[in-house]
2 protein chains.
Amino acid sequence: MTTDIFFQIVTPAEALARLFEHLPGIPRSQHIGLDAALGRVTAAPINSPEDSPAFARSAMDGYAVRAADTFGASESLPAFLTVDGEVPMGAAAERPLHPATAQLIHTGGMLPPRADAVVMVEYTQPVDETSVEVLRPAAPGQHVIQAGEDLAAGDVLLPAGHQLRAQDLGVLAALGITEIDATVRPVVGVLSSGDEIVPAGSQPAPGQVRDVNATTLAALARQAGAEVRDFGVAPDVRSELERRTREALDTCDLVVISAGSSVSTRDMTAHVIGSVGKPGVLAHGIAVKPGKPTIVALADGKPVFGLPGNPVSAMVVFGLVVEPTIRRLLGAAPGDDPPRRRARLARSLASQTGRIDFVPAALHQRDGEWWATPVLGPSNLIATLVRASGLIRIPLDAGGLPEGAWVDVEPF
Amino acid sequence: MTTDIFFQIVTPAEALARLFEHLPGIPRSQHIGLDAALGRVTAAPINSPEDSPAFARSAMDGYAVRAADTFGASESLPAFLTVDGEVPMGAAAERPLHPATAQLIHTGGMLPPRADAVVMVEYTQPVDETSVEVLRPAAPGQHVIQAGEDLAAGDVLLPAGHQLRAQDLGVLAALGITEIDATVRPVVGVLSSGDEIVPAGSQPAPGQVRDVNATTLAALARQAGAEVRDFGVAPDVRSELERRTREALDTCDLVVISAGSSVSTRDMTAHVIGSVGKPGVLAHGIAVKPGKPTIVALADGKPVFGLPGNPVSAMVVFGLVVEPTIRRLLGAAPGDDPPRRRARLARSLASQTGRIDFVPAALHQRDGEWWATPVLGPSNLIATLVRASGLIRIPLDAGGLPEGAWVDVEPF
C-alpha cells in the first residue's frame, strides 16, 4: 500500500522547467479570419501594412488654419480670419487654405492643403457668416494627428505569441487586416481512471460515483485555449489504462489523466505514465497542497500529466502546471499572474512552510472590505467546488495566518 | 456647432438605475446540454437530485473499523484487530464488519455494514497477514463521509442567475445532470455612424478611415455572453441612421451605436436614439473620462446606447454601462467588480474631482513590483489600444496622483 516511485517533491516552476526544455519552441500555425480570432495567439509578429492615419486629421472640432496667421492672437487682439467653407467629412479636403483664411473642420476631418494647425472652436468667436476671430495663437501641428503619427507602415503592431483581445481585433480591422496567422490550438486528451468512477452520463451502482474531473478539466482546457477529446474512464487494470493512454497520445498533443482515489490506482497510473514514451516521468510530487501527488511526464515529445483524483486538487494543479503547458504549446507568451483580490481572512488558517497552500474560500463584502471564508471539511466533497468562489494562496513559507490577515485570493 | 440636448451629467450607476427600472426581471430560458453550458447563466435554481455521496465513503486509505473496538488504543497499548479482507473499489461493500475485525479500505471506498470509522494506515502496524495493531483510538464517524453529507437530495446546488464555471459543470455531471435551463443569450446589434467611417473590409478613400469600434464592441459583447449582429456603418444622414437603428431594434434585444467623431454626428445620433421608441433618452452624459458624451436610452423596452466614437472611450463606456446591461438581460447576478492589479504609477497624473478617470496604461514588473505607465497622447490614436494592457481607475474625487502612488489597474 505504499508507492514505490520515490517522491522527490519539486516546486511547480521546477516541474515546468524540466518539461519545457523538451518542448518545441515554435508551434504550428493556421490562417484564420478576424471573426474567429478573439483569444487566439499570433503565430508571427503583425506589422502595420500602412500609415495610420493615412492623412493628417484634426483631433478637435474647430478651424483649420495656418499657424502663422494666429501668431500673437489674444482675447484683446484676436486674429481675424475669413471663413472659407467647411472641410467635408469622409472626403478629401482638396481646397487649399489661403492666407488669412480658416476652414471649419470636425474631429477626424482631413486637414486641407497648406493648413498646419487646428484652433478649437472654444477659442474662436464668430464675427459674421464668413469671418471668425481667433483668441489664442496656434502652434504648428496643434490638434493635428499627422499622417503615420499613430502607426507607420512596417511598425510592429503585435508581437508573436500575443493573445488577441477585443481591441486588437479592432485595430487589425482598422488597418484592413481581416485574416491573420494564429497558432493551432493544442488538442488535450482527458482520461479518468478508477474502478469506483463511472462516466457522468451513467447511473452509478452501489460503491460507484460519477466522474467530476473529466467535465471540469475539459472546461478548463477549453478556457485555456485548447481543443478537448474525452477518453472516458479506465478501470484499475493496467493494460486497459495503458491502452487508453496510448490511444489518447496517438491523437492528442497533451494528455491529462486524473487518477482514482486509491493509492494502488495512483501507483498504477504513475507506472503507465512512465512506460508509454520516453523519457517518461520528469517529476512526481509537487510542493503544493492540495496537489502533492501530481505527475509531470513527457512521452515521446508529448506532455502527460497525472492529476490527483480529488476535484479541488485537480483544479489547483491544472492551473499550476497544465494551463501553463497549454499556453506554451499555443506559443503564447507566459501569462502574467492572474489579478488577485485582496481580502481579509474570516478565520485563522494553519499552513506549513516549504509548500504553497491553496484554500478554497467563499468571498463576500462586509463594510466595504472583501472577506474570505475558508470552505473547509473533507477535501473530496463536491459541494466545496460550488460554494468556493476563490482560492486563498498561502505562499511557500508563510506559516499560518491569523483571522483578519490580508490574503491574496485567486478567481476560482 | 453646439449640442442642443442639455447635458445633465450622471454617474454610470445612476444611468443604469434609470435603465434597469424599465427592464423585465425574468429573462427567457432554453434547455441546453452541459457541453454547451460553460459561461451560460442558470435560469432557475438547480437542486441536487440525489444524496451525495449515495453511500458512506472512506475519506482516507486505511482500515474500516468499529470505533468502539479502538477505544483506549495507544502506541504502548494498541488495539489488536483481525483483518477480514479488503473492501472492493467500485462495488458494494456487502460483507458486514464483525467485532474486533478490520477491513482494508481505500479512499472513496464504501464503508462496510456495521463499520463506523476509518483508521488511517499511518496509525496502524501490521502484525501478520491477517491482523493489525491500531495505535490511536478512532472516534465514530472519523474519516467517513456520510451518505448525503456532501449534498442532500433537494439542496440548492446553484441559485438562479449563476454564471456556470468549469467546476459547476463538473458537479452537475457528478450528480447526473446533463442538461440545464439556461437564460437565452441577448442579441446585441452593433451599428457605427459617421461619413468618414468605412467598414473594416473596404479600402478607405482620402478623408476616410476604417471602422475600429464595430469589431471591438462585437468582441466585447460576445465576451459578455451576447450574440452579435453587425449593422454596418450609417452615413451622417438622419433618415438613414434612423432606418438602420429601427432595423437593428427589430431583430436585437439591445443596440449599441458608436457615433462618428464630429459634434453634428453626435447630435444627430442623440436625436435618432431619442425618436425610435419610448421613453427615449434616459441619460445623456456620464461622469467618466473618457466617455462623457454617452447616451443611455430605452426604445419600447429595448436598451439603446450611444457610445463615443473614440475607441478607448467606447471600450471604457462599454464596460461601465453596456456590459452590466447585457448581464442584466442574461439574468446574471450583478458581477463583482473585476479583480484589479495594484500597481505603482510610473509618472504623475492629473485628474479632476467629480468624475471617474480611466487612463490606459502599459503594465510591467520592476524589482518585484508592478508599475503602470500611462499611455498618453491624442485620445483617438489606435496604437493606444494595442500598447495598453490595463486601465488605471482614478476614483470620483481622488484629484491628481503623484509618481509612485499605488493605483488600481483593471484588465484591458
Side-chain angles (χ1 to χ4, degrees), chain A residues 1 34 38 52-55 59 61 89-93 106-108 110 121 145 150-151 157-158 166-171 173-174 176 178 195-196 200-201 204 206-213 215-216 219-220 222-223 236 261-263 311 315 339-341 378 380-383 385-386 411, chain B residues 1 34 38 52-55 59 61 89-93 106-108 110 121 145 150-151 157-158 166-171 173-174 176 178 195-196 200-201 204 206-213 215-216 219-220 222-223 236 261-263 311 315 339-341 378 380-383 385-386 411:
Chain A
M1 247 183 104
L34 268 200
L38 186 63
S52 176
F55 49 88
D61 293 317
M89 287 303 282
H106 304 286
T107 306
M110 181 173 176
V121 69
I145 302 167
D150 195 350
L151 291 163
L157 199 59
L158 298 167
Q167 62 264 47
D168 300 324
L169 304 188
V171 170
T178 54
D195 277 339
E196 78 280 21
Q208 297 181 329
V209 292
R210 294 190 198 87
D211 192 9
V212 177
N213 288 334
T215 303
T216 301
L220 290 175
R222 284 194 191 97
Q223 272 177 342
D236 288 338
S261 48
S262 72
V263 169
M315 285 187 72
R340 296 174 189 144
R341 197 181 287 291
N380 36 9
L381 296 191
I382 57 177
L385 291 170
V386 293
Chain B
M1 253 185 98
L34 268 201
L38 187 63
S52 176
F55 49 88
D61 293 316
M89 288 302 283
H106 305 286
T107 305
M110 181 172 175
V121 69
I145 301 167
D150 195 350
L151 290 163
L157 199 59
L158 298 167
Q167 62 264 49
D168 300 324
L169 304 188
V171 170
T178 54
D195 278 339
E196 79 280 22
Q208 297 181 328
V209 293
R210 294 190 198 87
D211 192 9
V212 178
N213 289 332
T215 303
T216 301
L220 290 175
R222 284 197 190 96
Q223 271 177 342
D236 288 339
S261 49
S262 72
V263 169
M315 286 187 71
R340 297 174 189 142
R341 196 181 288 288
N380 37 10
L381 296 191
I382 58 178
L385 292 169
V386 292

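Each chain gets a letter, A, B and so on, in the order its sequence line appears, and its residues count up from 1.
- Ranked by non-hydrogen atom pairs under 4.5 Å with chain A, the options B:Leu34, B:Leu158, B:Thr215, B:Leu220 are led by B:Thr215.
- The contact between A:Ile145 and chain B is made entirely by side chain atoms (from C-beta outward), counting heavy-atom distances below 4.5 Å.
- Among the candidates B:Arg341, B:Arg222, B:Gln223, B:Met110, the residue making the largest number of heavy-atom pairs closer than 4.5 Å to chain A is B:Arg341.
- Across all non-hydrogen atoms, the minimal contact from A:Thr216 to B:Gly170 is OG1-CA, 3.2 Å.
- Comparing B:Pro204, B:Ala173, B:Ala54 by heavy-atom pairs within less than 4.5 Å of chain A, the highest count is held by B:Ala173.
- Both the backbone and the side chain of A:Leu169 come within contact range of chain B, judged by heavy atoms closer than 4.5 Å.
- Considering every non-hydrogen atom in both A:Leu151 and B:Ala383, the closest pair reads CD2-CB, 4.1 Å.
- With a 4.5 angstrom heavy-atom cutoff, B:Leu38 touches chain A only via side-chain atoms.
- Between chain A and the options B:Pro53, B:Pro206, B:Ala219, B:Gly201, the largest number of non-hydrogen pairs under 4.5 Å is found for B:Pro206.
- Comparing B:Asp150, B:Val209, B:Leu385 by how many heavy-atom pairs each has under 4.5 Å with chain A, the most go to B:Asp150.
- One distance of note links CE of B:Met89 with CD of A:Gln208; it measures 10.5 Å at 0.5 Å rounding.
- Per-residue heavy-atom pair counts under 4.5 Å with chain B were compared for A:Ala93, A:Ala166, A:Ala200, and the maximum is reached by A:Ala166.
- Using a 4.5 Å cut-off between heavy atoms, B:Ile382 contacts chain A through both its backbone and its side chain.
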